[in-house]
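Accompanying notes for the structure given below.
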Amino acid sequence: DFPCIFVANEFFDALPIKQFIKIKNKWYERHVRFKDKMKPEFLDIQFDMKKFEKEIKFRISYKQKFIEYSPLVSEYIENITNKISFNNGGILIIDYGYVDREMKNTLQAISKHKYCNVLNEFGESDITYNLNFFLINQIVKKFGSFSSLITTQKSFLTKIGILQRAEIISKNIPFSKKADIYFRVKRLIDENQMGNLFKAMLIKNKKN
């Protein structure tokens with residue numbers, strides 16, 4: 001019954017997604033078919049997008065040629081915003097993603113710290129995708145009167161004092177440990193590493 005603050009750090013990108021592709025003005029849902037256990041392949045099956053949009057209650061296909069959408073992400077956001085609406089508070093989402101209106105295919109797999117083919121390393125790799133923060137904002141609007149702020153991880157961490165914090169904890173420690181802190185901070189905020197790829201999004205009541 002108290003104000004709730006949710007933190008979702010690389011949480012939503014771990015949830016399963018659906019993919020849809022538009023071909024000659026018709027929508028198809030992307031599936032995976034197994035010819036045998038070792039050779040999965042993508043299979044696109046025609047899909048009733050209008051019916052789907054009635055179910056999710058917004059025009060997700062507007063000006064899109066490709067869609068990545070997670071029903072589970074929408075479910076979590078609805079539950080969390082209900083809590084925020086009732087108890088006040090907010091949710092901070094930190095994840096890798098992009099803010100463009102136009103969605104794109106970001107499905108990817110990583111095995112042994114290297115990118116690999118999603119299907120070739122099936123069952124042996126970490127499968128993920130990039131969040132579309134514009135889409136998350138559209139989903140949030142369905143559930144009440146909320147406002148949102150989006151920025152890069154570099155901007156977010158810098159403004160809340162990551163450099164000052166690093167300086168404080170670097171005092172009176174060996175040079176090797178100072179160097180380790182420096183390289184960790186650089187990885188988090190460097191524009192060519194995690195600084196721009198990762199975004200920070202705050203969702204809260206408009207009145208708060």
Side-chain angles (χ1 to χ4, degrees), residues 4 6 8 10-37 39-86 90-110 117-123 125-150 199 201-206:
C4 305
F6 295 85
E10 284 192 81
F11 171 69
F12 289 115
D13 70 76
L15 301 177
I17 58 167
K18 290 178 176 290
Q19 287 191 326
F20 306 97
I21 184 169
K22 194 175 187 180
I23 304 171
K24 294 180 180 178
N25 291 321
K26 291 183 180 179
W27 281 101
Y28 295 80
E29 182 176 4
R30 182 151 288 173
H31 292 251
V32 176
R33 176 173 62 182
F34 287 85
K35 282 190 172 180
D36 59 55
K37 288 184 179 180
K39 291 185 178 180
E41 63 181 16
F42 287 122
L43 176 68
D44 297 332
I45 298 175
Q46 198 165 336
F47 184 77
D48 189 340
M49 183 58 70
K50 288 185 178 180
K51 182 180 178 182
F52 182 64
E53 288 178 329
K54 285 182 180 179
E55 291 173 3
I56 63 175
K57 297 177 182 177
F58 75 103
R59 284 188 64 197
I60 193 171
S61 67
Y62 181 67
K63 291 188 177 180
Q64 301 292 343
K65 296 177 182 177
F66 193 95
I67 294 171
E68 288 183 333
Y69 174 76
S70 171
L72 203 52
V73 167
S74 186
E75 187 179 319
Y76 269 108
I77 289 175
E78 181 176 13
N79 289 335
I80 290 168
T81 51
N82 281 342
K83 287 282 186 184
I84 294 169
S85 183
F86 186 74
I91 175 172
L92 177 67
I93 301 171
I94 302 172
D95 221 317
Y96 51 105
Y98 59 105
V99 295
D100 304 345
R101 174 190 286 270
E102 186 176 347
M103 282 183 269
K104 51 194 175 185
N105 185 353
T106 67
L107 188 67
Q108 56 194 275
I110 299 171
N117 185 288
V118 173
L119 298 182
N120 288 353
E121 301 291 335
F122 187 82
S125 59
D126 175 23
I127 299 175
T128 185
Y129 75 108
N130 290 355
L131 294 190
N132 182 302
F133 284 91
F134 181 87
L135 176 61
I136 289 178
N137 203 34
Q138 295 297 103
I139 293 171
V140 168
K141 288 178 181 178
K142 295 196 306 172
F143 301 129
S145 182
F146 301 99
S147 63
S148 64
L149 301 165
I150 305 172
K199 306 293 188 293
M201 180 181 193
L202 175 69
I203 300 165
K204 60 182 180 60
N205 283 337
K206 278 188 177 179

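No experiment lies behind these values; they were computed from the predicted model shown. Residues: numbered from 1 along the sequence shown.
- In terms of modelled atom types and a separation under 3.5 Å, the side chain of K206 and the main chain of S145 share no donor-acceptor contact.
- Side-chain contact between L135 and F58: present, with at least one pair of heavy atoms (C-beta onward) separated by less than 4.5 Å.
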Please lay out, stage by stage, how Y62 and E53 fare under the test side-chain contact (heavy atoms from CB on, under 4.5 Å).
CA-CA 10 Å; Y62 181 67; E53 288 178 329; over 6 Å; no

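- Taking the six-membered ring where the residue is Trp, F20 and F52 present tilted rings, their angle falling between 30° and 60°.
- L131 places none of its side-chain heavy atoms less than 4.5 Å from the side chain of Y96.
- Under a cut-off of 6.0 angstrom, the local environment of NZ in K142 is crowded, with over 12 non-hydrogen atoms contributed by other residues, nucleotides or ligands.
- The line from CZ of F66 to CD1 of I23 is 10.0 Å long, rounded to the nearest 0.5 Å.
- The distance from the CD atom of Q138 to the CZ atom of R59 is 11.5 Å, given to the nearest 0.5 Å.
- Distance alone, capped at 3.5 Å, places no donor-acceptor pair between the E41 side chain and the K35 backbone.
- Just one of T106, L107, N105 meets the side-chain contact (heavy atoms from CB on, under 4.5 Å) condition when paired with N130; it is T106.
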Verdict with supporting geometry, N137 and M201, side-chain contact (heavy atoms from CB on, under 4.5 Å):
CA-CA 9 Å; N137 203 34; M201 180 181 193; 3.9 Å; yes

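- If you take CG on L119 and CZ on R33, they are separated by 12.0 Å, rounding to the nearest 0.5 Å.
- Residues S70 and Y129 have side chains that never bring a donor and an acceptor to within less than 3.5 angstrom of each other.
- Without hydrogens or angle criteria, Q64 side chain to R101 main chain gives a donor-acceptor distance under 3.5 Å.
- Side-chain N or O atoms of N205 include one that pairs as donor or acceptor with a backbone N or O of I84 at under 3.5 Å.
- Within a 6.0 Å radius of CZ in F47, more than 12 heavy atoms belonging to other residues, nucleotides or ligands are found.
- To the nearest 0.5 angstrom, L15 atom CG is 9.5 Å from T128 atom OG1.
- Test I17, V73, L72 against F12 for side-chain contact (heavy atoms from CB on, under 4.5 Å) and you get one pass: V73.
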